[in-house]
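Contents: one structure, followed by commentary.
Residue numbers begin at 1 in each chain, while the letters A, B, ... track the order of the sequences. Just so it is clear, the structure is predicted and the values come from calculations on it, not from any experiment.
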Amino acid sequence: MHLVGIAREIVVAAISEVLPLLSYEEIDNLLEIPPSMELGDYSFPCFTLAKQLRKSPVVIAKELAEKIPDNRLLEKVVVVHGFVNFYLKKGQLACDLIPKICHEGLRYGKSTEGAGKSIVIDFSSPNIAKPFSVAHLRSTVIGHSLARIWEHMGYKAERINHLGDWGTQFGKVIVAYKRWGEEDSLYPKGSIRHLLELYVRFHKEAEENPSLDDEARLWFKKLEDGDQEAYKLWAQFRQTSLESLKEVYELMGVTFDHYTGESFYNDLIPSAVLKLQPFIEVSEGAEIVPLGDDMPPFLVRKSDGATLYGTRDLTAAIYRYETFNFTKALYVVGGEQALHFKQVFAVLKKLGYDWAENCEHVPFGLMRFGDMKLSTRQGNVIFLEDVLDKSIELTKAIIEEKNPTLEDKEEVARAVGVGAVIFNDLRNNRIKDINFEWDELLNFQGDTGPYIQYTHARACSLLEKGGRLDEFNLDLLKEPEENALIISLERFPEVIKQAAKNNEPSTVARYLLNLARDFNKFYQAHRIVDAEEGLANARLMLVAAVKQVIAEGLFLLGIEAPEKM
RNA sequence: GCGCUUGUAGCUCAGCUGGAUAGAGCAACGGACUUCUAAUCCGUAGGCCGCAGGUUCGAGUCCUGCCAGGCGCGCCA
């Protein structure tokens, strides 16, 4: 069991000393945070012990509390009902914690749990025949954040962009391009939006002329069989799309270690299929692997012999394990593909790969627009680039209004505008569907990215005005607003751990909102730079620590933290 | 039909994996800028936690059954 956080560790240790019945880990699991500060900082419920010890929870709690030894960080231990409530000496905690945070900087809360281990994260993975729409945003920002969170846990992250650069959809685009390429086009030949026009037109025309679908399948088959013309077109489409994609990634500050898309695995597929051979059955001309009664069969090859994305996912999984020897493999892909991954993992297990247990689908909810699902096929898309641009424009306007003398306006507007979009996506549990609402997205007040960035900039401004800090006595911090911040800073490592455990960036996002709110309350209630000298220095140190943790938390979400805005 | 998933304030959502009096933001209304960045803060109002059972010291949280929405269910990804 790896414990994080100074104070929590001490509380658990103290209980452990007087309660040998439970292990360290059991105590840590039981320990909770009371609903309000008046009830203490940590709380240990004794109800579950009642049966085992055959005593009332209140009696157990009393006995336990009496035995807890004195500790330099413990203010008092109070029994309420069946709870043992621990009150920490905030001043002392501040003395221990704040210099530590300021000293460790971005390393505060970092764990060594994953030392020597690697985690493969498959995210973003857009379909490259299609434009990058807001629907792809989710996988991109969630995956990017998870990579940073797991790195903070000490893992080596392998960021993989499993580009959808192979498959029947390319047959469709080829057919459309050959028929209608450039004709009546609003966009120049070869541009990503031109490709979208073709894609949309294909589906429209295919409704009346289903033979187009057959033609598309034929072209994809030709592509797989190495047809020169098909390959050349495919390569051209791929290149255009990739260039356009990379612009968006750059704007958002998202990076990958590997751009190994589906086409990357073409050469590896035969050997993977060979491994599958003993399990394959032929059904209606297609090759399948039956998976029992509770799951539909897994399709290996279509009746025309072409592969499917499942085949490529399977091949990719094996390749990744052999290449990275991962401890964990995450697939940050929409929830609508849950069954697909269940099938892929089941097939891996059938092949005898124990590591299939370490593969995890990290699903997320749909992005909706009004009451309809965004559908590329119907041309019903919102381009991510447009969203980012709009958000950046709005940010610029706000800067002009509120802080017209700001330097680097362009750069700040980009950081804040993009941050707003990213935060909007990471704020809630990832499984929730998101209704795409311009108004909500472009509102920069309340629970938003700009709110947190603003708080950070505010803290930076105080530090700039406060000057250099040589001497400080953190024991002077006694106000409730100060205490709230100290205890909140102390909990940050737990928060990261929790976020990693659940693959849930929103845990960090929520924490930051609370921290920012607590900070703004503190800011509102007390003078800082012009408090009496000793107190001013102590408060400025607190501000420095808060600033540090906000910047670090934003980093974990993939959001920048400008010093001024 | 079967499987997965969601249901908490008018709206968008938290709720620490079963704990104490269910909390935020938005929207509404009322306040606070000659003072450290008002992208802020304070206050008011707003709740049969979808419904009904069950499990136990204790349920918004777990189990069962309904109801409602969403997503899937062999040659798309």
Side-chain angles (χ1 to χ4, degrees), chain A residues 29 31-36 39 43 45 47-48 50-51 56-57 80-83 85 125 127 129-130 164 166-169 172 213 216-217 262 283-288 294-304 306 308-310 312-313 333-340 342 363 365-366 368 373 377 395 398-399 401-403 416 420 427-429 431-435 437 439-440 443-448 450-455 457-458 460-462 464-466 491 494-495 498 501-502 506-507 510 513-514 516-517 520-521 523-531 536 543 564-565:
Chain A
N29 274 334
L31 195 71
E32 58 190 58
I33 296 165
S36 81
L39 291 166
S43 181
F47 306 95
T48 46
K51 225 172 236 165
S56 91
V80 183
H81 304 124
F83 297 95
N85 291 338
S125 307
N127 236 309
K130 308 172 185 178
W166 205 250
T168 312
Q169 77 267 22
K172 293 177 181 176
D213 282 320
R217 276 191 282 272
E262 292 187 52
S283 160
E284 296 167 43
E287 295 179 15
I288 64 163
D294 33 320
M295 253 186 276
F298 177 78
L299 256 84
V300 182
R301 279 184 204 279
K302 303 193 278 189
S303 45
D304 67 1
L308 289 119
Y309 83 126
R312 297 188 281 277
D313 270 346
V333 180
E336 68 272 14
Q337 291 196 39
L339 179 59
H340 166 72
K342 222 173 133 191
L366 249 41
R368 319 179 150 278
K373 187 182 172 181
R377 297 184 177 194
T395 308
I398 295 174
I399 290 172
E401 181 201 329
K402 295 181 187 285
N403 199 355
V416 175
R427 176 180 37 195
N428 296 139
N429 286 342
I431 200 67
K432 299 271 184 183
D433 287 353
I434 290 187
N435 288 306
E437 300 278 355
D439 290 351
E440 207 176 308
N443 174 20
F444 291 177
Q445 292 171 356
D447 287 356
T448 66
Y451 171 71
I452 294 168
Q453 289 170 316
Y454 175 77
T455 308
R458 225 179 197 185
C460 289
S461 172
L462 288 171
E464 194 181 37
K465 290 201 163 62
R491 284 175 185 150
E494 293 174 48
V495 167
Q498 187 78 15
K501 184 174 159 200
N502 297 328
S506 66
T507 308
R510 292 276 157 196
L513 285 172
N514 285 326
R517 218 185 321 283
N520 283 316
K521 283 181 188 183
Y523 180 93
Q524 165 71 26
H526 305 288
R527 303 302 302 172
I528 297 160
V529 294
D530 50 9
V543 171
K564 289 179 178 166
M565 62 185 272

Can you tell me, in whole Å, how much space there is between the [atom1] of [N] and that of [M]?
| N | M | atom1 | value |
| --- | --- | --- | --- |
| G70(B) | G25(B) | P | 31 Å |
| A27(B) | C11(B) | P | 16 Å |
| G46(B) | A9(B) | P | 15 Å |
| G31(B) | G18(B) | P | 46 Å |
| A24(B) | C66(B) | P | 37 Å |
| G15(B) | U8(B) | P | 14 Å |
| G74(B) | G65(B) | P | 25 Å |
| C63(B) | C71(B) | P | 24 Å |

What nucleotide among [options] has an atom nearest to a side-chain atom of [X]?
| X | options | result |
| --- | --- | --- |
| Glu284(A) | C36(B), C76(B), G74(B) | G74(B) |
| Ile431(A) | A77(B), U37(B), U5(B) | U5(B) |
| Arg458(A) | C71(B), U40(B), A39(B) | U40(B) |
| Leu299(A) | A39(B), C71(B), G74(B) | G74(B) |
| Tyr451(A) | A38(B), C41(B), C13(B) | C41(B) |
| Met565(A) | C57(B), A39(B), C76(B) | A39(B) |
| Ala457(A) | U37(B), C71(B), A77(B) | U37(B) |
| Arg527(A) | C36(B), A14(B), A77(B) | C36(B) |
| Val529(A) | C36(B), A77(B), U6(B) | C36(B) |

Identify all pairs in which a protein N or O lies below 3.5 Å from an N or O of nucleotides 15-19 of chain B, and state each distance.
| from | atom 1 | to | atom 2 | distance (Å) |
| --- | --- | --- | --- | --- |
| G15(B) | OP2 | Asn429(A) | ND2 | 3.4 |
| C16(B) | N3 | Ile33(A) | O | 3.2 |
| C16(B) | N4 | Ile33(A) | O | 3.2 |
| U17(B) | O4 | Asn502(A) | OD1 | 2.3 |
| U17(B) | O4 | Asn502(A) | ND2 | 3.2 |

So, does the side chain of Tyr454(A) form a donor-acceptor pair with the base of A39(B) at under 3.5 Å?
->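 Per atom types, no contact qualifies.
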In whole angstrom, what separates [X]'s [atom1] from [N]'s [atom2]?
| X | N | atom1 | atom2 | answer |
| --- | --- | --- | --- | --- |
| Lys564(A) | A39(B) | NZ | C1' | 17 Å |
| Lys51(A) | C57(B) | NZ | P | 4 Å |
| Asn428(A) | G7(B) | CG | P | 12 Å |
| Asp433(A) | C11(B) | CG | P | 16 Å |
| Trp166(A) | C76(B) | CH2 | C1' | 16 Å |
| Asn520(A) | U40(B) | CG | P | 8 Å |
| Asp313(A) | C76(B) | CG | C1' | 13 Å |
| Lys432(A) | U12(B) | NZ | C1' | 10 Å |

Using a 4.0 Å heavy-atom cut-off across all strands, classify [X] as base, sugar-phosphate, or nothing.
| X | result |
| --- | --- |
| Thr168(A) | sugar-phosphate |
| Ser56(A) | nothing |
| Arg217(A) | sugar-phosphate |
| Tyr523(A) | base |
| Asn85(A) | base |
| Lys342(A) | nothing |

More than 12 heavy atoms from other groups under 6.0 Å of NE2 on His81(A) =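 No.
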Please check if atom CD in Glu32(A) has more than 12 non-hydrogen atoms from other residues, nucleotides or ligands closer than 6.0 Å.
->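 Yes, the 6.0 Å shell around CD holds more than 12 heavy atoms from other groups.
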Would [N] be called syn or anti, given that syn covers angles within 90° of 0?
| N | result |
| --- | --- |
| G7(B) | anti |
| C48(B) | anti |
| U17(B) | syn |

Classify the side-chain pair Asn520(A)/Tyr451(A) by whether it contains a donor and acceptor separated by less than 3.5 Å.
->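 A donor-acceptor contact under 3.5 Å links the two side chains.
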Under 3.5 Å side-chain donor-acceptor pair for Asn443(A) and Thr448(A) =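 No.
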For residues [X] and [Y], report the shortest heavy-atom separation together with the two atoms involved.
| X | Y | value |
| --- | --- | --- |
| Ala531(A) | Ala536(A) | O-CB, 3.6 Å |
| Asp433(A) | Leu366(A) | OD1-N, 2.8 Å |
| Arg312(A) | Gly167(A) | NH2-CA, 3.7 Å |
| Gly164(A) | Glu262(A) | CA-OE2, 3.4 Å |

Pick the nucleotide of RNA chain B nearest each of Ser506(A) and Asn403(A); which residue has the one closer to the 5' end?
->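 Of the two residues, Ser506(A) wins.
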Between Lys465(A) and Ser43(A), name the one whose nearest nucleotide on RNA chain B is closer to the 5' end.
->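 Its nearest nucleotide lies further toward 5', so the answer is Ser43(A).
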Sequence-distant partners of Tyr523(A), ring-ring contact (aromatic ring centres under 6.0 Å, His included), two or more places apart |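 Once residues adjacent in sequence are excluded, Tyr523(A) has no partner under the ring-ring contact (aromatic ring centres under 6.0 Å, His included) criterion.
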Using the test ring-ring contact (aromatic ring centres under 6.0 Å, His included), find all partners of Tyr309(A) that sit at least two apart in sequence or belong to another chain.
->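 For Tyr309(A) the ring-ring contact (aromatic ring centres under 6.0 Å, His included) partners, ignoring immediate neighbours, are His340(A).
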Does the side chain of Ser461(A) get closer than 4.0 angstrom to OP1 or OP2 of U37(B) through an N or O atom?
->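 Answer yes for this pair, as a side-chain N or O of Ser461(A) is under 4.0 Å from OP1 or OP2.
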Under 4.0 Å protein heavy-atom contact, by nucleotide of nucleotides 21-32 of chain B - B base, S sugar-phosphate only | ---SSS------
When rounded to the nearest 0.5 angstrom, what is the spacing between CE in Met565(A) and CZ in Arg458(A)?
->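 Spacing of CE (Met565(A)) from CZ (Arg458(A)) equals 11.0 Å.
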Kindly write out the residues that satisfy side chain to side chain donor-acceptor pair (under 3.5 Å) with Ser43(A), not counting sequence neighbours, or none if the list is empty.
->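 With neighbours one apart ignored, the set is Asn85(A).
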Determine yes or no for a side-chain-to-main-chain donor-acceptor pair under 3.5 angstrom, with Arg427(A) supplying the side chain and Ser506(A) the backbone.
->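 No, Arg427(A) side chain to Ser506(A) backbone: no donor-acceptor pair under 3.5 Å.
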Verify side chain to side chain contact (heavy atoms under 4.5 Å, CB included) between Asn435(A) and Glu440(A), making sure each step is shown before the conclusion.
-> CA-CA 9 Å; Asn435(A) 288 306; Glu440(A) 207 176 308; 5.9 Å; no
Is RNA chain B part of any stem, that is, at least 3 consecutive Watson-Crick or G-U pairs with both distances under 3.5 Å, and where?
->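 Expected stems, ordered by start: B:1-7 with B:67-73, B:10-13 with B:23-26, B:28-32 with B:40-44, B:50-54 with B:62-66.
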